Protein chains: 2
Amino acid sequence: MSWSKDSGRPGHGPRGYHHGNLKEALLRAALELIAKKGPAGFTFAEAARWAGVSPAAPYRHFRDRDELLSNIALRGFQQFEIILAKAWDDGRPDPMTALDRLGKAYLAFARTEPAYYSAMFEAGIPLDTNLELREAGDRAFAVLRTAAERVAVTLPVSSRPPSLMMALHIWATAHGIASLFGRGDAGRRTLPMTPEELLEAAVLVYLRGLGLPDGPPPPKP
Amino acid sequence: MSWSKDSGRPGHGPRGYHHGNLKEALLRAALELIAKKGPAGFTFAEAARWAGVSPAAPYRHFRDRDELLSNIALRGFQQFEIILAKAWDDGRPDPMTALDRLGKAYLAFARTEPAYYSAMFEAGIPLDTNLELREAGDRAFAVLRTAAERVAVTLPVSSRPPSLMMALHIWATAHGIASLFGRGDAGRRTLPMTPEELLEAAVLVYLRGLGLPDGPPPPKP
DNA sequence: GGGCTCATGTAAAGACTATTCACATGAGCT
DNA sequence: AGCTCATGTGAATAGTCTTTACATGAGCCC
């Protein structure tokens, strides 16, 4: 018998006794399942089935179901940091424009990667038992923190709050909007406006409260 | 044999063949289990065991596990409405003071009733298949909406936004703070301040952004 | 090439949960 | 007293989680 592993490119399907890339396959399977049925409606066995292996195989790569979830959350935070940093783009062309982009990127991530987002924030993974995860989360938050600092220096000293607090306020608002209204399909509530508009308005009002000279950079038509 | 149901007051434990109040007992059991292990770590069978009945008994009262969760979320929204309305107290003695109380009540509910809160917002119950649940949620939100309206009329007309938007902003911020930092024990992130302080500061800055004449009612020392 | 070793996968088994169905019980009404 | 029906039981099916002993073959060393 000689169907060792050369039966065409193993583009997607498993081949032979050894899968070759089971860990990745399981993570991808879990992502699809979570996106479809929420973090609770994903089973270890189903991921194994999807990858074409026995129900026991995943235990060679993850101690248990929770460790797989942690892995997903970890990757989620890493990707989150990347897309947030890209959106912030070091504050170009100006901090306000970049901050607006940042907020939109936040909501876009929650919408287009609901599986990552819920693993990161709604799966109830204990942060204190997983240093790596906490650090990845902190790095993602650091992007927001940096943005807040850069925006803060454009504000009048008199009413300027600690930038950490600004960052927390913006984070909480973005997260609140994302989790209450962010994911279109499911049984979520509907709004008289898009989540993006809601967040942008909130941030503008908030910054005005901190003394931001009125009006966003005039829209170029 | 004659231990029908008279063995003392059935204060807490089940008695005889018929439990007498199984539905309530199951709901209470579920609340404790959810509070302890999150909405996912609650099983129908364990609730039945806690109530001292067979695993099949709960099906006489709830179609399935999800219907029990929906029931909990429904009661959660009802209690939520009550405590929010009580905190708002029709805007006495003045809307700003009452709004501050409202925010604190919001966070207090999330902290002291984590089981209700997570059933309401994190259990992924589809709102569109459960009209009663949606309406209960809407009624709770209506308290916030009313508060926003009352605060809005104290603001200068020029910068006054739709009160619905104000209510949504405040709701999102409160929810964001509650779900990111609100539940003390577990593996949540820690803060350089209390969630209450964080929310109060956010709302004050936000309202100043809407033209609120500076300074909260002077603190009486 | 031949053979060894170890990571990776399988099969089978025990324990638990969800859910259903036929049957038992007894509370409340007549 | 006798009926009836809501409420609870037991047993059975199906699916999941997890462990354990065993199988396979990829990579390496000679």
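What you are looking at is a predicted structure, and each value in this text was computed from that prediction instead of being measured. Per chain, numbering begins at 1; letters A, B, ... match sequence-line order.
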Considering only side-chain heavy atoms of [X], which listed nucleotide, [options], is closest?
X: A45(B); options: dG8(D), dA12(C), dT17(C); value: dT17(C)
X: D64(A); options: dT9(D), dG8(D), dT18(D); value: dT18(D)
X: A56(A); options: dT17(C), dT19(D), dT16(D); value: dT19(D)

Would you mind reading off the distance between [X] atom [atom1] and [N] atom [atom2], rounded to a whole angstrom?
X: L33(B); N: dT17(C); atom1: CG; atom2: C1'; answer: 14 Å
X: F62(B); N: dA18(C); atom1: CZ; atom2: P; answer: 14 Å
X: F44(A); N: dT17(C); atom1: CZ; atom2: C1'; answer: 18 Å
X: R63(A); N: dT19(D); atom1: CZ; atom2: C1'; answer: 15 Å
X: K23(B); N: dA6(D); atom1: NZ; atom2: P; answer: 14 Å
X: D66(A); N: dT16(D); atom1: CG; atom2: C1'; answer: 14 Å

So, is R65(A) near the phosphate of dT18(D), with a side-chain N or O under 4.0 Å from OP1 or OP2?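 Answer no for this pair, as no side-chain N or O of R65(A) is under 4.0 Å from OP1 or OP2.
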Phosphate contact (dG8(D) OP1 or OP2) by H61(B) side-chain N/O below 4.0 Å: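 Yes, within the criterion.
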Closest-nucleotide mapping onto DNA chain D: is T43(A) or R60(A) further toward the 5' terminus? I mean the 5' end.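 Its nearest nucleotide lies further toward 5', so the answer is T43(A).
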Looking only at the side chains, is there a donor atom on one of H175(A) and S179(B) sitting less than 3.5 Å from an acceptor on the other?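 The criterion, which ignores hydrogens and geometry beyond distance, is satisfied for S179(B) and H175(A).
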Report which part of the nucleic acid Y59(B) touches: base, sugar-phosphate, or nothing (heavy-atom distance under 4.0 Å, all strands).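 If one applies the 4.0 Å heavy-atom cut-off, Y59(B) turns out to touch a base.
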Heavy atoms under 4.0 Å, any strand shown: does R49(A) hit a base, just sugar-phosphate, or nothing?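 Result for R49(A) = sugar-phosphate.
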Pick the nucleotide of DNA chain C nearest each of P55(B) and A57(A); which residue has the one closer to the 5' end?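 Its nearest nucleotide being more 5', the pick is A57(A).
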Under 3.5 Å: donor-acceptor pair, side chain of T97(B), backbone of P93(B):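 Looks like no, no N/O pair under 3.5 Å.
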Got a donor-acceptor contact below 3.5 angstrom from the D100(B) side chain to the G103(B) backbone?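 Absent.
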Parallel, tilted or perpendicular, as decided by the 30° and 60° cut-offs, for the rings of F109(A) and Y116(A):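 Answer is parallel, since the angle falls under 30°.
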When rounded to the nearest 0.5 angstrom, what distance separates CE in M165(A) from CE in M193(B)?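 Taking CE in M165(A) and CE in M193(B), the distance rounds to 4.0 Å.
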